[in-house]
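Here the structure is a predicted model, which is why all the values come from computation and not from measurement. Note: hydrogens, waters and symmetry copies are ignored here, and every other heavy atom, side chains too, is used.
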Amino acid sequence: MPSNMSWDFIWVVVFTLCCCCSSLVHSLDNTASESLNSLVQDFAFKSLVKRRPQTGALYDALLPQNLSGMDVSVVRLRSRRLWNKGANFSYFRIPPRTVSIPHVKRLAIVYQNLGNWSSHYYSLPGYSLISSVVGFMVFDASNVTDVSVRNLTLNTMGQPISIQFPNVTFTGGIKSRVSCVAFNVNGTFQLTQMSSSGVCHSRDQGHFSVVLPLEKKQRPWYLLVIGCGLGIFGLILVGYAGYSSMRLLKSKRIQAMEKQANEDLVLESRWVGNSKMPSAAVIRTQPALESGIL
């Protein structure tokens, strides 16, 4: 009973440590993407302040050298224009009849293309990214000089946001196996089927990519046969070794019992004719006459 309890305790500890490690890795990945979003938003708004941009014009953000390979752009819109015409910039098409929540007079949309940084910030177990991770975020642009900028959400009234990925071509039957993935702000993801025209869809802002399931490499059949043969041979050896050990142990026990019996009972030897035979030194049970009537 104590042995079973100790093993149960060990399994509980191992499971808890695995869960903690998984949560820690997930938390670190989520923190890295949040830090990147905050940094990108800061550079995008600084570009708006420096250029005094026109409403409805898309501007490229100036990024530091350590973020080379990443593209960031920003556009400032009136909420009325977003409602009437939508927003068709970068790789995204936001449909008309879209409103921001909460409602503001002006909003800014920051577009991202992570390029060769995609796999550094985003990954999906069991899948490989076959396109850059692109995304967009919506902010309150009533005053772009504010230190803290409020993040907004979009309500498209049930209409999808179209996403066209750059430099993605499908060869052979690969198109039927690819999927669209949306990386949510809270660190979760959602897989959806890509449309026939190679376009993905979403209902809100976020980061998106195209993924392909990883193929499991199949081992040659002869390796499986060799492995099974070696396993059976190993079991036979273990069984034979166990059987031999049991026989040897049993034989030693019998020899020990015979030796002990010989040491406990010591008999004298007497010659009877031409033969030497063991004889007891004394008679253990003394004869006695039965009492009674003769």
Side-chain angles (χ1 to χ4, degrees), residues 21-44 58 60-61 63-74 87-94 109-138 151 153-154 156 160-218:
C21 292
S22 177
S23 300
L24 179 59
V25 172
H26 177 78
S27 177
L28 289 175
D29 291 341
N30 194 24
T31 302
S33 60
E34 288 180 355
S35 300
L36 176 66
N37 292 337
S38 179
L39 186 64
V40 165
Q41 176 265 320
D42 184 54
F43 283 113
L58 185 68
D60 292 331
L63 300 178
Q65 289 294 331
N66 58 347
L67 293 180
S68 60
M70 187 182 303
D71 295 328
V72 176
S73 56
V74 58
N88 190 8
F89 298 95
S90 187
Y91 314 108
F92 299 89
R93 182 185 180 277
I94 302 175
I109 305 177
V110 178
Y111 298 96
Q112 302 177 41
N113 181 357
L114 301 188
N116 54 8
W117 291 90
S118 299
S119 59
H120 181 77
Y121 288 98
Y122 295 95
S123 62
L124 189 62
Y127 293 83
S128 62
L129 302 178
I130 62 174
S131 74
S132 301
V133 174
V134 297
F136 73 98
M137 301 175 293
V138 185
N151 187 272
T153 59
L154 295 179
T156 61
I161 299 172
S162 302
I163 310 164
Q164 182 72 53
F165 291 91
N167 303 324
V168 177
T169 57
F170 304 105
T171 58
I174 193 175
K175 188 174 182 179
S176 60
R177 300 171 51 215
V178 299
S179 300
C180 304
V181 59
F183 298 98
N184 301 321
V185 179
N186 58 1
T188 60
F189 60 88
Q190 182 180 5
L191 288 171
T192 56
Q193 188 175 3
M194 177 176 282
S195 66
S196 58
S197 57
V199 177
C200 294
H201 297 94
S202 176
R203 299 290 180 182
D204 200 358
Q205 59 187 313
H207 291 80
F208 312 90
S209 183
V210 180
V211 294
L212 181 69
L214 295 174
E215 294 183 358
K216 295 182 179 179
K217 295 183 178 180
Q218 296 182 354

Less than 4.5 Å apart, side chain to side chain, heavy atoms only: is that true for [X] and [Y]?
X: Asn151; Y: Val138; value: no
X: Val181; Y: Gln190; value: no
X: Val134; Y: Gln112; value: no
X: Leu124; Y: Leu191; value: yes

- prompt: Parallel, tilted or perpendicular: which describes the rings of Trp117 and His120, with under 30° parallel and over 60° perpendicular?
  reply: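 Plane angle over 60°, so perpendicular.
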With no hydrogens and no angle check, is any side-chain donor or acceptor of [X] less than 3.5 Å from a backbone partner on [Y]?
X: Gln164; Y: Val199; value: no
X: Ser118; Y: Val133; value: yes
X: Ser132; Y: Leu114; value: no

task: Walk me through it: do Met70 and Leu63 pass the test side-chain contact (heavy atoms from CB on, under 4.5 Å)?
output: CA-CA 8 Å; Met70 187 182 303; Leu63 300 178; 4.3 Å; yes
query: Between His207 and Tyr122, does a side-chain contact (heavy atoms from CB on, under 4.5 Å) hold up when you go through it step by step?
result: CA-CA 9 Å; His207 291 80; Tyr122 295 95; 3.3 Å; yes
How long is the span from the [atom1] atom in [X] to the [atom2] atom in [Y], to the nearest 0.5 Å?
X: Ser90; Y: Asp71; atom1: OG; atom2: CG; answer: 8.5 Å
X: Met194; Y: Ile163; atom1: CE; atom2: CD1; answer: 9.5 Å
X: Ser202; Y: Ile161; atom1: OG; atom2: CD1; answer: 5.5 Å
X: Thr192; Y: His201; atom1: OG1; atom2: NE2; answer: 9.0 Å
X: Ser209; Y: Leu129; atom1: OG; atom2: CG; answer: 4.5 Å
X: Ser131; Y: Phe165; atom1: OG; atom2: CZ; answer: 5.0 Å

- prompt: So which heavy atom on Cys200 is nearest to which on Val210, and how close?
  reply: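 Shortest heavy-atom contact: SG-CG2, 4.4 Å.
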- prompt: If you look at every heavy atom in Ala87 and Ile109, which pair is closest and at what distance?
  reply: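 For Ala87 and Ile109, the tightest heavy-atom pair comes out as CB-CD1, 4.2 Å.
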task: Mind checking ring pair (Phe, Tyr, Trp, His ring centres under 6.0 Å) for Phe189 and listing every partner two or more places apart, or none if nothing turns up?
output: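 Phe189 satisfies ring pair (Phe, Tyr, Trp, His ring centres under 6.0 Å) with no residue once adjacent residues are dropped.
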With sequence neighbours excluded, residues passing side chain to side chain contact (heavy atoms under 4.5 Å, CB included) with Arg93: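 For Arg93, the residues satisfying side chain to side chain contact (heavy atoms under 4.5 Å, CB included) (neighbours in sequence not counted) are Asn88, Pro95, Pro96, Ser162.
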- request: Start with the C-alpha gap between Val74 and Phe43, add the side-chain angles, then the distance that decides, and say whether side-chain contact (heavy atoms from CB on, under 4.5 Å) holds.
  value: CA-CA 10 Å; Val74 58; Phe43 283 113; over 6 Å; no
field: Reference residue Phe208; test side-chain contact (heavy atoms from CB on, under 4.5 Å); the match among Phe92, Tyr91, Phe183
entry: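 Looking at Phe92, Tyr91, Phe183, the match for Phe208 under the side-chain contact (heavy atoms from CB on, under 4.5 Å) is Phe92.
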query: Restricting to pairs with a member in residues 193-205, which pass salt bridge (charged side-chain N to carboxylate O under 4.0 Å, His left out), not counting sequence neighbours?
result: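 Output for this query is empty, none listed.
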field: Step-by-step side-chain contact (heavy atoms from CB on, under 4.5 Å) determination, Val211 to Val178
entry: CA-CA 6 Å; Val211 294; Val178 299; over 6 Å; no
